[in-house]
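Hydrogens, waters and symmetry mates are skipped; everything else that's a heavy atom, side chains included, is used. For reference, positions follow the sequence shown, starting with 1.
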Amino acid sequence: MFSINYHIVLITKNRRPVFIGPIKDYIESTIREISKSRELLASDIDVYPDHIRLNIAASPMESPYSIVKALKNLTWSFLVLKFPEIKAALSDGLWSSSYYIVTVEEVDKRTIDEYVAAHNDSNMVKLVA
């Protein structure tokens, strides 16, 4: 079996601190379920209030874009089902349109930290709980 290991960073739109309390735990378990259903191996999932970092092992037949698209679309759908109030608070969506993905061998922690920091913190909006 062949696999490609990716490091993925997904950032919330406007760096909103969404992943707190029960939402933080739920998003991590949802990512694991989505990965399993798509025959991906998710590991090292780090959930921060405004972004997620994870490693995914995938078949070469799985495009990086399709992995990210599935993660973004399905996590949003599952969050809205579990926490209906989030839809009104995030009326313009959950995820930033951009993402960072790289094969694990090509990146170091500093590069990832620079990507996360590059998203303007001044645009942060507090999520109403």
Item checked: Check against side chain to side chain contact (heavy atoms under 4.5 Å, CB included), Ile23 and Leu79 -> CA-CA 8 Å; Ile23 295 174; Leu79 276 173; 3.9 Å; yes
Name every donor-acceptor pair, under 3.5 Å, that has one atom in a side chain of residues 84-93 and the other anywhere in the protein, sequence neighbours excluded.
from	atom 1	to	atom 2	distance (Å)
Asp92	OD1	Arg16	NH1	2.7
Asp92	OD1	Arg16	NH2	3.1

Notebook entry, point to check: Is Tyr65 linked to Leu71 within one hydrophobic cluster, defined over Ile, Leu, Val, Met, Phe, Trp and Tyr using a side-chain heavy-atom separation of less than 4.5 Å?
Noted result: yes
Notebook entry, point to check: Is any side-chain N of the basic residue among Arg53 and Asp46 closer than 4.0 Å to the acidic one's carboxylate O?
Noted result: no
Next item on the list: Begin with the C-alpha distance, continue with both residues' side-chain angles, and end with the deciding distance and a verdict on salt bridge (Lys or Arg N to Asp or Glu O under 4.0 Å) for Arg32 and Glu28.
Entry: CA-CA 6 Å; Arg32 290 191 191 284; Glu28 182 177 345; 3.2 Å; yes
Note to self: Is any side-chain heavy atom of Tyr6 closer than 4.5 Å to one of Thr103?
What the structure shows: yes
Margin query: Less than 4.5 Å apart, side chain to side chain, heavy atoms only: is that true for Thr12 and Leu94?
Written below: yes
Notebook entry, point to check: For the atom pair CG (Leu10) and CG (Leu54), what is the distance rounded to the nearest 0.5 Å?
Noted result: 6.5 Å
Checklist line | Non-hydrogen side-chain atoms of Ile52 and Trp95 separated by less than 4.5 Å | finding: yes
Item checked: Thr75 side chain reached by Ile31 side chain, heavy atoms, under 4.5 Å -> yes
Notebook entry, point to check: Which pairs count as ring-ring contact (aromatic ring centres under 6.0 Å, His included) when at least one residue sits in residues 25-49, sequence neighbours excluded?
Noted result: Tyr26-Phe83, Tyr48-His51
Notebook entry, point to check: Does the side chain of Glu62 pick up a donor-acceptor pair with the side chain of Ser66 at under 3.5 Å?
Noted result: yes
Next item on the list: Give, for atom CG of Leu41 and atom OG of Ser59, the distance between the pair rounded to the nearest 0.5 Å.
Entry: 13.0 Å
Checklist line | From Ile101, Ile56, Ile4, residue fulfilling side-chain contact (heavy atoms from CB on, under 4.5 Å) relative to Pro64 | finding: Ile101
Note to self: Counting C-beta onward and ignoring hydrogens, is there a side-chain heavy-atom pair between Ile67 and Ile8 closer than 4.5 Å?
What the structure shows: yes
Next item on the list: Hey, could you give me the CZ/OG1 distance between Phe78 and Thr30, rounded to the nearest 0.5 Å?
Entry: 7.0 Å
Notebook entry, point to check: Which residues pass the ring pair (Phe, Tyr, Trp, His ring centres under 6.0 Å) test with Trp76, sequence neighbours left out?
Noted result: none
Check: Could you state the interatomic distance from OG (Ser29) to NZ (Lys82), rounded to the nearest 0.5 Å?
Finding: 8.5 Å
Notebook entry, point to check: Between Lys72 and Ser96, which heavy-atom pair has the shortest distance, and what is it?
Noted result: NZ-O, 2.7 Å
